[in-house]
Structures are given as structure tokens and as C-alpha cells.
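The structure presented is a predicted model; accordingly, all values stated were derived computationally and were not measured.
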Amino acid sequence: MTSPADHHFPSSHGDICYFEWGRAGEGLSVLLLHATGFHARCWDKLVDAFPQGTHVVAVDQLGHGRSARPEITDWAMIAGATAELVESLGISFDIGVGHSMGGHCLVQVAAALPDAIRKLVLVDPVIMPREAYQRPSDFSATSEMVGKRRNSWAGPDAMFDRFKDRHPYSLWDPAVLRDYCEYGLLLDGAGGFELACPPKTEASVYATSLTVDPWPLIETIGQPVTVLRAPQIAPGKTFDFAGSPTPPTLADSFAHGTDIYLPDLTHFMPMQDPRRIAELIIFG
């Protein structure tokens, strides 16, 4: 695929940046929504693996990348901005893909715009068991840890060298990690770089992860839905960002759901094996 064109959309929650490969109407149209702390260009190697002529829109979701970066107070903000963008595009997407937090947001978008997306692929989505939304857990420890992330960098090479041998980044395809670093930094105005998703903003996403209960929305979705799922963290084990947050029976809750369990991959499956995940998105 050629390099994407970048566009901006003035949502009611702030400016939204998105990247577009190809042209609508000339092949399959695919919408891509990234995970917490990531950005639209993390999908580049996966897009490269799509069939020639595929039209792709990848969104820097609110708080991430080159979009507006407010403190997030609930996940309806993130999904709401994306839904406004999707509605403005007027495209009937053949496939909508959401990874992690992006999967939760995709459910919100599909429920709000039922005619905008024909098929959903949820890649290890952060959709907790039903009871979690009735008795919200305390994510303050996780938020505090994320909020302490290093924010200042000399450049993408320094960031890559820092992460390449550290879990979970060491699991990734190095080319994807390069894209994560290359497009995940912005000039800081003082000759250096800072994270495109500031630690404070990323922490606010984790802190508000149970603010929108997706289960009533799931019951309204009639499109085919494929859930790609990694192994969960074993009970009693230390928390690991690479473990799956997805209930094993999630696909059964959709009217037309299919579960694909990938025991050899982790929560970061699009980063580990972009070609395989691309094939499952298009043909799975």
C-alpha cells in the first residue's frame, strides 16, 4: 500500500486526525480503531498485508496521536468523537476493526450508527464481564503506574532502543515497534520529543475504563461479529498487559458472533503478527 493521506475532522470533543489509504468505492472499505496509548499508524504493517486496492481509514482516537488530547472523563467521549467522524465520512464500511479499547469503542460506534459498518472484528477487546460494570473495580493503581511513563525522548530511535528488549514490546514485530515509536512522538518545542498520548491522558483512559457499559449495546448489534481472543491471565498471576481482558464467551453474546481463539498470541496480536491478523480480518 502507498503512504496514507492525513486528514482532520472537527468533532464536538476536539480535532480528530485520521489516515486514509486508497479511495472509497474502489475495493473493500475498512475502519481501524487502535488500543489505549497507541495511534493510527500502529496499523501500517497490517494495512500493508491487506489485498491491493483495499480502502482503509485508521483513526487517531481522541486523546491519542495527532488528535486533540484532553483528559478523558469517560469512554463515551472517545467513541463519540469517532462516531461523529464516521458519520461525516458517509462511507458504508465493509469491516470495522477495533483493538483493545478500540474494540469497546467500535461497539459504541456500531450501536450509534447501525448502517455504517457491515461486519465487526473485535481484536481482544477490553469488554469486561457484565458484573464488572455493576460493581466497578478500582483502576487507580494501574492509572498511577501508566501516569508515570517516561514522556520526554531524544527521538524515535532512542524510544525504539529503550523498548525493543522490554516486555511486552519485545513480543512485537520490530517493524511495528518502529512505527509505534516513529509516529508516537511529537516535537516538544524545546528540541526534543514527547509522547503523542501524554501519560496523564493515557492514565485517564485506564481510570475510566468501566464508565460505559457495553452489554446493552451488544444486544442491539445485528451485524456479524468476529472476536479474536488471546489467553487470559491465569488466576493468581501478576497483572500483565499482554494478558487478554476479553471474556471467553463474548462472541456468544452477539446475535451473529464467531470466536477465534489464538493461544499462541497475546493481547498485542496485531503488533506480533500483523499479516496473520490481517488475513483473519479480511477472510476469517
Side-chain angles (χ1 to χ4, degrees), residues 16 18-19 28-44 46-47 50 54 56-65 67 72 74-87 89 91 93-114 116-128 176 197 205-206 208-215 217-218 220-221 223-230 244-247 250-251 253-254 256-260 262 265-272 274 277-278 280-282 284:
I16 298 298
Y18 65 99
F19 296 85
L28 284 175
S29 282
V30 181
L31 173 69
L32 300 174
L33 304 182
H34 62 74
T36 300
F38 290 9
H39 52 76
R41 302 302 298 274
C42 286
W43 296 107
D44 276 25
L46 184 142
V47 173
F50 282 161
T54 302
V56 180
V57 171
V59 183
D60 273 342
Q61 296 202 86
L62 187 70
H64 299 75
S67 292
I72 303 301
D74 64 62
W75 282 21
M77 287 176 62
I78 306 171
T82 300
E84 289 178 26
L85 165 63
V86 171
E87 187 172 31
L89 293 174
I91 297 168
F93 286 97
D94 296 286
I95 306 172
V97 182
H99 175 216
S100 191
M101 176 267 291
H104 189 298
C105 289
L106 183 64
V107 167
Q108 293 187 62
V109 173
L113 304 171
I117 306 168
R118 295 172 184 166
K119 174 187 174 182
L120 278 61
V121 179
L122 307 181
V123 182
D124 219 47
V126 179
I127 294 177
M128 307 295 189
V176 179
C197 180
V205 176
Y206 280 100
T208 58
S209 59
L210 295 175
T211 50
V212 177
D213 183 351
W215 291 95
L217 305 178
I218 286 170
T220 71
I221 292 175
Q223 301 98 313
V225 178
T226 298
V227 178
L228 306 184
R229 187 169 52 84
S244 174
T246 308
L250 176 62
S253 300
F254 290 94
H256 304 286
T258 300
D259 179 73
I260 298 179
L262 301 169
L265 296 178
T266 73
H267 182 62
F268 299 104
M269 59 181 72
M271 288 77 223
Q272 286 179 269
I277 300 306
L280 288 171
I281 289 169
I282 300 297

So do the side chains of [X] and [Y] get within less than 4.5 Å of each other, counting heavy atoms only?
X: Ile127; Y: Val227; answer: no
X: Leu28; Y: Phe50; answer: no
X: Asp124; Y: Pro245; answer: yes
X: Phe19; Y: Asp60; answer: yes
X: Phe268; Y: Val176; answer: no
X: Val225; Y: Ile218; answer: no
X: Glu84; Y: Ile16; answer: no
X: Ser100; Y: His267; answer: yes

Testing the basics here: between Met271 and Cys42, what is the closest heavy-atom pair and its distance to 0.1 Å?
CE-CB, 4.1 Å
Identified side chain to side chain contact (heavy atoms under 4.5 Å, CB included) counterpart of [X] within the set [options]:
X: Ile282; options: Val121, Ile277, Ile95; answer: Ile95
X: Val205; options: Val126, Leu62, Ile72; answer: Ile72
X: Val59; options: Val86, Val109, Leu85, Leu32; answer: Leu85

Is it the case that the side chain of [X] and the backbone of [Y] share a donor-acceptor pair, with hydrogens and angles ignored and the cut-off at 3.5 Å?
X: Gln61; Y: Leu33; answer: no
X: Trp75; Y: Asp213; answer: no
X: Asp44; Y: Val47; answer: no
X: Gln272; Y: Thr266; answer: yes
X: Thr246; Y: Pro125; answer: yes
X: His64; Y: Gly37; answer: yes
X: His99; Y: Trp43; answer: no

List the steps, then state whether side chain to side chain contact (heavy atoms under 4.5 Å, CB included) holds for Leu46 with Val97.
CA-CA 12 Å; Leu46 184 142; Val97 182; over 6 Å; no
